[in-house]
Chemist: 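Dumping the structure here so I can ask a few things about it.
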Amino acid sequence: MLQEALREIDRGSAEIIDNERIEKLLKAYFEEGKPYTVKAGFDPTAPDLHLGHTVLLQKLATFQKYGGIVQFLIGNFTAAIGDPSGKSATRKVLSQEDIKKNIASYTTQAFKILDKSKTEIVYNKDWLEALGAAGMLELASTLTVARMLERDDFSKRHASNTPIAVSEFMYPLLQGYDSVHLKSDVEIGGTDQKFNLLMGRQLQKTYDVKKQQAVLMMPILEGLDGIQKMSKSLNNYIGVTDEPNDMFGKVLSISDDLMWRFYELLSTKSLEEIATIKSGVEDGSLHPKKVKEELALEITARFHNDELAKEAKIEFDKVHVKSQIPTDIDEYSCEGEVWIAKALVDCNIEPSTSQARRDIKQGAVKINQEKISDMQLQLCSGEYILQVGKRKFAKLKVN
RNA sequence: GGUGGGAUAGUCAAGUGGCCAACGACGGUGGACUGUAAAUCCGCUCCCUUUGGGUUCAGAGGUUCGACUCCUCUUCCCACCA
């Protein structure tokens, strides 16, 4: 039982620091029913969670299964600084209402995965603001600049002459201080957070918390491109609130290599099962597309339900395998004759008439499934299905 | 505070008076091939109903027939020295 729990916790993790402590905590739980705390920090700057976040959330859910109480930390104080790990140098300051709204939508999404009864939502503003200037100084004095520059981001940016704001140095310290305040037993985060996570350990020691948190790092999930990390700003993400059709389609669009990564980090299938599937693909007994469909179904069903996931697959096949028109298309209408390029822009499937003209020239535009080439074309009254490329559709009614 | 360097399209990055809407790379996008996969190949990639017109190269002025390129000021960044 204990071994099984440990294996499940270890699954997919990139690195665990102080694994002995995790073992001890679990042992105490199994033998005495003693709970422990698992901290994970979230930045409320964007209101939507994507699958990259769910890698962490799923791990938290695993801890909850085995006695962990999740400290779901909302970084409403640190958000003002911006974690240096992103490349954005400065971050705009969010209004209180925005943050509140983001937090609300954040937690609703998170509870699709987490067990609400075993989750404490905490806000670091509550204690960091109280820290004051004196407390900040004290905190800042615990670390040398040389140590700080050890952090990969900082040294790279420093080496490449990219600016670093002094306030950014505070970020790891404050995140570490969160662990002091919360007396966390375990903290989990992405591998890019290693420095910050370790800071928690160090500060817990410095501030004499009597314990040092274990640290579990999860790999960073790559985005749809398979190279960069999944993030909203790179637009390579699958959002947990994405429509079933989009979700299904996006999963199917990832490369075969990336698919294994998604399996490992997102699927609930056991590692053995995944290994079996993988060897099936390798020896040719399983088609990779089928395998990817399975994954897409699983993921879509998790955030919606089985029914909707199946419908998404049927819809997908209809549009892409049989090249038919999707069931739901945005509808637009207009008065009088319209020039085709203008119509495409009005239907939001082209960004500008210039782009529309180029696409027409290249034969990317279809009306009612027929390729068109006349860029002077005027649409007179009637109903048209407009299409650009393989994915963009709109229905236009000309009166 | 001093000295020097820099700011170019989504990103990186050429361009040092006309040949510049601006090389190239990446990204994005369209097409071919497929499994809407990857890889590969070809096209497109500021806006405008376009053999043309308009607005761009941090910002504001100026020199010039003509400026991304020269001058002045402003803003921001970097390095070295203090």
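Quantities reported herein were computed from a predicted structural model and do not represent experimental measurements. Scope of the values below: all heavy atoms of this structure, side chains included, with no hydrogens, waters or symmetry mates. Protein chains get the first letters and strands the later ones, always in sequence-line order, with residue 1 at the start of each.
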Chemist: I need the CZ-C1' distance between A:F393 and B:rU36, as an integer number of Å.
Modeler: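 Answer to the nearest Å: 11 Å.
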Chemist: Rounding to an integer number of angstrom, what distance separates B:rA22 and B:rA14 when you compare their C1' atoms?
Modeler: 10 Å
Chemist: Taking the side chain as C-beta and beyond, is there a heavy-atom pair between A:V291 and A:H287 under 4.5 Å?
Modeler: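 A side-chain contact under 4.5 Å is absent here.
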Chemist: Expressed in angstrom and rounded to an integer, what is the separation of A:I349 atom CD1 from B:rG30 atom P?
Modeler: 11 Å
Chemist: Which whole number of Å gives the distance between the C1' atom of B:rC12 and that of B:rC57?
Modeler: 15 Å
Chemist: Which residues end up grouped with A:V345 if you chain together Ile, Leu, Val, Met, Phe, Trp and Tyr wherever their side-chain heavy atoms are less than 4.5 Å apart?
Modeler: none
Chemist: Considering only the P atoms, how many Å lie between B:rU64 and B:rA13, rounded to the nearest integer?
Modeler: 35 Å
Chemist: Output the rounded distance in Å from NE2 (A:H320) to C1' (B:rA37).
Modeler: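 Nearest whole value for this atom pair: 13 Å.
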Chemist: Starting at CD of A:Q228 and ending at C1' of B:rG28, how long is that distance when rounded to a whole Å?
Modeler: 13 Å
Chemist: Roughly how many Å is it from CG in A:N236 to P in B:rU11, rounded to a whole number?
Modeler: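 Between P of B:rU11 and CG of A:N236: 17 Å.
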Chemist: Please state how far atom CD1 in A:I227 lies from atom P in B:rC26, giving the value in whole angstrom units.
Modeler: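 Interatomic distance, CD1 of A:I227 to P of B:rC26: 11 Å.
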Chemist: Taking the same atom, C1', in B:rG54 and in B:rG4, what whole-Å distance lies between them?
Modeler: 40 Å
Chemist: Could you identify the nucleotide paired to B:rC19, looking across every strand shown and requiring Watson-Crick or G-U wobble geometry with both distances under 3.5 Å?
Modeler: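 None - no nucleotide pairs with B:rC19, as no candidate has both distances under 3.5 Å.
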Chemist: Nearest to the A:S255 side chain among B:rA37, B:rU36, B:rG35, which nucleotide is it?
Modeler: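 Shortest atom-to-atom distance from the side chain points to B:rA37.
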Chemist: Would you say the side chain of A:D225 and the base of B:rG27 hold a donor-acceptor pair, judged only by whether the two atoms sit under 3.5 Å apart?
Modeler: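 Donor-acceptor pair under 3.5 Å: no.
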Chemist: Please report the distance separating the P of B:rG30 from the corresponding atom of B:rC76, rounded so that it comes out in whole Å.
Modeler: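 Between the two P atoms, the distance is 42 Å.
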Chemist: Measure the distance from NZ on A:K390 to P on B:rG35 and round it to the nearest whole Å.
Modeler: 12 Å
Chemist: Under a 3.5 Å cut-off for both contacts, is B:rG61 paired Watson-Crick or G-U wobble with anything, and if yes, with which nucleotide?
Modeler: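 For B:rG61, the partner nucleotide comes out as B:rC71, under the 3.5 Å rule.
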Chemist: Quick one: A:I372 CD1 to B:rG30 P, roughly how many Å, whole number?
Modeler: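 In whole Å, B:rG30 P lies 15 Å from A:I372 CD1.
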Chemist: Should B:rU3 form a Watson-Crick or G-U wobble pair with both distances under 3.5 Å, which nucleotide is its partner?
Modeler: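 Result: B:rA79.
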Chemist: Taking atom types as modelled, find out whether A:E150 and A:S155 have a side-chain donor-acceptor pair closer than 3.5 angstrom.
Modeler: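 No pair is found: no donor N or O on one side chain lies under 3.5 Å from an acceptor on the other.
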Chemist: In the strands shown, is B:rC44 matched to any nucleotide by a Watson-Crick or G-U wobble pair with both distances under 3.5 Å, and which?
Modeler: B:rG28
Chemist: Under a 3.5 Å limit for both distances, which nucleotide forms a Watson-Crick or G-U wobble pair with B:rU55, could you say?
Modeler: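 The base-pairing partner of B:rU55, which may sit in any strand shown, does not exist here.
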Chemist: Using a heavy-atom cut-off of under 4.0 Å over every strand shown, decide if A:G226 touches base, sugar-phosphate, or nothing.
Modeler: nothing
Chemist: Closer to the 5' end of RNA chain B via nearest nucleotide, is it A:I254 or A:K371?
Modeler: A:K371
Chemist: Ignoring hydrogens and angles, state whether a donor on the side chain of A:N399 or A:S381 is under 3.5 Å from an acceptor on the partner side chain.
Modeler: no
Chemist: Which base, if any, makes a Watson-Crick or G-U wobble pair with B:rA9, both distances under 3.5 Å?
Modeler: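 Here B:rA9 is not engaged in any pair, so there is no nucleotide opposite it.
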Chemist: Can you tell which of A:M136, A:M148, A:Q202 makes a side-chain contact (heavy atoms from CB on, under 4.5 Å) with A:L173?
Modeler: A:M148
Chemist: Using atom C1' of each nucleotide, how far apart are B:rU55 and B:rC20 to the nearest Å?
Modeler: 14 Å
Chemist: Look at all strands and tell whether A:K361 reaches a base, only sugar-phosphate, or nothing, counting heavy atoms closer than 4.0 Å.
Modeler: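 If one applies the 4.0 Å heavy-atom cut-off, A:K361 turns out to touch nothing in the nucleic acid.
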Chemist: Please state the C1' separation for the pair B:rA7 and B:rG15 - nearest whole angstrom.
Modeler: 15 Å
Chemist: Using heavy-atom distances to pick each residue's nearest nucleotide on RNA chain B, tell me which of A:V388 and A:D257 is more 5'.
Modeler: A:V388
Chemist: Which nucleotides of nucleotides 41-57 of chain B have their base under 4.0 Å from a protein heavy atom (B), which only their sugar-phosphate (S), and which neither (-), written as one string 5' to 3'?
Modeler: --BSS-SBBB-------
Chemist: Would you say the rings of A:Y66 and A:Y29 are close, in the sense that their centroids are separated by under 6.0 Å?
Modeler: no
Chemist: Quiz question: by atom type and distance under 3.5 Å, do the side chains of A:R201 and A:Q204 form a donor-acceptor pair?
Modeler: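 Short answer, no.
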Chemist: Of the nucleotides B:rU29, B:rU36, B:rA38, which has the atom closest to the A:K392 side chain?
Modeler: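 Within the option list, the nearest is B:rU29.
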Chemist: How would you label the contact of A:L258 with the nucleic acid (heavy atoms, under 4.0 Å): base, sugar-phosphate, or nothing?
Modeler: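 Touches nothing.
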Chemist: With P as the reference atom in both, quote the distance from B:rA60 to B:rG28 in angstrom, rounded to an integer.
Modeler: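 To the nearest whole Å, 33 Å.
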Chemist: Can you measure from OG1 (A:T78) to CD (A:Q175) and round to the nearest 0.5 angstrom?
Modeler: 7.0 Å
Chemist: Assess A:K101 against A:Y106: is NZ or CZ under 6.0 Å from the centre of the six-membered ring, and within 45 degrees of the ring's axis?
Modeler: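 No, A:K101 does not sit over the ring of A:Y106.
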